[in-house]
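Here's the structure we're looking at; comments come further down.
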2 protein chains.
Amino acid sequence: MLELAILGVLKEQDLHGYELKKRLAETLGALSSVSFGSLYPALARLEAAGAVEAVDVAGAVAVSSIPMTGSIGGEVAALRARRTTGRGSRGKKVYGITPVGERLFEELLATESASGDDDRAFNLKLAFARHLPADARLGLLERRRAQLVDRLTKARSAIRARRERLDAYSRSLMEHGTETTERDISWLDRLIAAERGHRTRKAEQT
Amino acid sequence: MLELAILGVLKEQDLHGYELKKRLAETLGALSSVSFGSLYPALARLEAAGAVEAVDVAGAVAVSSIPMTGSIGGEVAALRARRTTGRGSRGKKVYGITPVGERLFEELLATESASGDDDRAFNLKLAFARHLPADARLGLLERRRAQLVDRLTKARSAIRARRERLDAYSRSLMEHGTETTERDISWLDRLIAAERGHRTRKAEQT
DNA sequence: GGATAGATATATCGGCCCGATACATCGGGT
DNA sequence: ACCCGATGTATCGGGCCGATATATCTATCC
């Protein structure tokens, strides 16, 4: 799952581990801040699979998609002089995504992850939903909705079954949980409606 | 963390692994259903530490902590004939909590878990909050509140900082996230108020 | 009566992820 | 001159998960 996140961020800009971690933290929201203990191994895995590769330190960070002003040329040369490829003198190792990585990204993003369509997995995929075709996006939202509805049903029956034996704290916890799930479902409904709206408008344009 | 959950459930009733899993699932809410791949090792760990022990299959479920009536002796003997200790004929292995386990439970529940007072950790502790002294309970709630406020601040500044570069999906995800966090905080405020209410009323009684 | 399926039940394996830790360098403040 | 905090890479032990293997009990169908 981390692979997907890394590839998605690297898709927009070449980065080195430390910065990648910060970018991941703000992309995935405050929750699920990735640790180095998982980031570096994941990066190593991706590199071994040929999905990412260490790129030239200088050009990468500054360039990527935004045309340069050209004033940083001096810095670039200075850095290049101290062995920019692989680990530079400072040990920095900038990674970039490869075509293989792009394909892997599409694949991971589209995967219906068989059994455990985990909460974090959904959040992650939604964050990159713009890279999905419209129908896959809708499918993602609807699968998630179904999952939450199922969870809600189960949670409610669990509360009903044990209402008397629950103390105030557990009960409050469970009730708050179901309310949160209800709100999540409404939110998904709004997203789904918006999605269908786009689709309809597009269909009408033809 | 799983240890705490196991001990908490076992505190109320002796159970074998399979049933323990079900009980855990409904105690911890629909989310975070424990897998056998973590449950059995955790149980083994606890057993090695002397916090739980395999108990007599028959008597255990009925008895645990309640003085026995003595009428179940027959059943016990019948089951004992088929080797009730350890794995019975059916392979069932019923666990009970020991005094060591009780102490471990108190300790784990009271631990301020140093760094990562994880979401799940909080939910779990709240579910067993009735076993905490009132001040520790209040501390738990307030620490959690502070944590969420901090998260909210960070999330908001992250949104503000990248508002223009965010696509609709990421933005919606983040905004929904902050709303959820806000609601979590209000919920905590209600719990805290209730907690203080109890305390005040108790103080007035003296 | 016997087959078949599904719930009950325990256990292990590989793999991912986390927290802690180690180590090194750089920039800025005192 | 010195130290501290941010930057930066990396590993290690351990916990948890999903998949899988195995076996028994129970209910249902033919």
Side-chain angles (χ1 to χ4, degrees), chain A residues 1-6 15-25 28 31-49 52 54 57 61 75 78-79 82-84 86-95 108 111-121 124, chain B residues 1-6 14-25 28 31-49 52 54 57 61 79 82-95 108 111-121 124:
Chain A
M1 216 70 275
L2 224 192
E3 270 95 341
L4 173 60
I6 292 175
L15 291 169
H16 51 99
Y18 194 86
E19 207 160 359
L20 191 53
K21 181 183 189 297
K22 287 194 294 186
R23 196 62 63 92
L24 280 170
L28 311 194
L31 29 71
S32 78
S33 59
V34 184
S35 72
F36 289 120
S38 43
L39 179 60
Y40 284 116
L43 229 25
R45 256 166 9 236
L46 286 171
E47 192 175 20
V52 304
V57 174
V61 183
E75 271 175 86
L79 282 168
R82 313 202 236 144
R83 229 166 46 104
T84 59
R87 310 121 172 268
S89 74
R90 166 76 166 281
K92 230 188 285 191
K93 206 168 163 185
V94 176
Y95 289 96
L108 288 175
T111 309
E112 296 190 11
S113 50
S115 54
D117 214 16
D118 183 272
D119 290 15
R120 293 164 85 174
L124 185 53
Chain B
M1 218 69 275
L2 224 193
E3 270 95 339
L4 173 58
I6 293 175
D14 294 354
L15 292 168
H16 50 99
Y18 194 87
E19 207 159 359
L20 190 54
K21 181 185 190 299
K22 288 194 294 186
R23 196 62 65 94
L24 280 170
L28 312 193
L31 31 71
S32 77
S33 58
V34 184
S35 72
F36 288 120
S38 42
L39 179 60
Y40 285 115
L43 228 24
R45 249 157 26 227
L46 286 171
E47 193 175 20
V52 304
V57 175
V61 183
L79 281 166
R82 309 202 241 143
R83 229 163 49 101
T84 59
T85 312
R87 309 118 173 271
S89 74
R90 165 77 166 282
K92 231 189 280 190
K93 206 168 162 184
V94 176
Y95 289 98
L108 288 175
T111 308
E112 296 189 12
S113 51
S115 55
D117 215 15
D118 184 272
D119 290 15
R120 294 164 83 172
L124 185 53

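All values reported here derive from a predicted model rather than from experimental measurement. Here is how names work: the chains are called A, B, and so on, in the same order as the sequence lines, proteins then strands, and each is numbered from 1.
Residues passing the salt bridge (Lys or Arg N to Asp or Glu O under 4.0 Å) test with B:E19: none are found, sequence neighbours excluded.
Neither OP1 nor OP2 of C:dC26 sits under 4.0 Å from any side-chain N or O of A:K92. The side chain of B:K22 contributes no N or O atom lying less than 4.0 Å from OP1 or OP2 of C:dA7. Distances shorter than 4.0 Å separate none of the side-chain N or O atoms of A:Y40 from OP1 or OP2 on D:dA10.
One can place CG of B:L4 at 11 Å from P of D:dC16, the figure rounded to the nearest angstrom. Distance CD (B:E47) to C1' (C:dA11): 13 Å, rounded to an integer number of Å. Summarising the geometry, the separation between CG on B:L15 and C1' on C:dT10 is reported as 15 Å, rounded to the nearest angstrom. In this structure, B:L39 atom CG and D:dG18 atom P are separated by 13 Å, rounded to whole Å. Whole-Å rounding puts the A:Y18 OH to C:dT25 C1' distance at 12 Å. B:L43 places its CG atom 8 Å from the P atom of C:dA11, with the value rounded to the nearest Å. We find that CG of B:D118 is positioned 16 Å from P of D:dG15, with the value rounded to whole Å. When rounded to the nearest whole Å, the span between CG of A:L24 and P of C:dC18 equals 10 Å.
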With 3.5 Å as the limit, what N/O pairs link the protein to nucleotides 21-23 of chain C?
none

Hey, what are the protein-to-nucleotides 14-17 of chain C N/O distances that come in under 3.5 Å?
from: C:dC17; atom 1: OP1; to: A:L2; atom 2: N; distance (Å): 3.1
from: C:dC17; atom 1: OP2; to: A:R45; atom 2: NH2; distance (Å): 3.0

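A donor-acceptor pair under 3.5 Å is formed between the side chain of A:K21 and the backbone N or O of A:V34.
The shortest non-hydrogen separation linking A:Y95 to A:A54 is CD2-N, 4.1 Å. Among all heavy-atom pairs drawn from B:K93 and B:H16, the shortest one is O-CB, 3.1 Å. Taking both residues in full, the closest heavy atoms of A:Y18 and A:Y40 are given as N-OH, 3.9 Å, listed atom of the first, atom of the second, then distance. When all heavy atoms of B:L39 and B:G17 are compared, the pair lying nearest together is CD2-O, 3.4 Å. B:S38 approaches B:L2 most closely through the heavy-atom pair O-CD1, 3.5 Å. Considering all non-hydrogen atoms of both residues, B:I6 and B:L43 come closest at CG2-CD1, 3.8 Å.
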**Message:** Go through it in stages, so that I can follow the logic: the residues are B:R120 and B:M1, the test is side chain to side chain contact (heavy atoms under 4.5 Å, CB included), and I'd like the CA-CA distance, side-chain angles, deciding distance and then a yes or no.
**Reply:** CA-CA 9 Å; B:R120 294 164 83 172; B:M1 218 69 275; over 6 Å; no

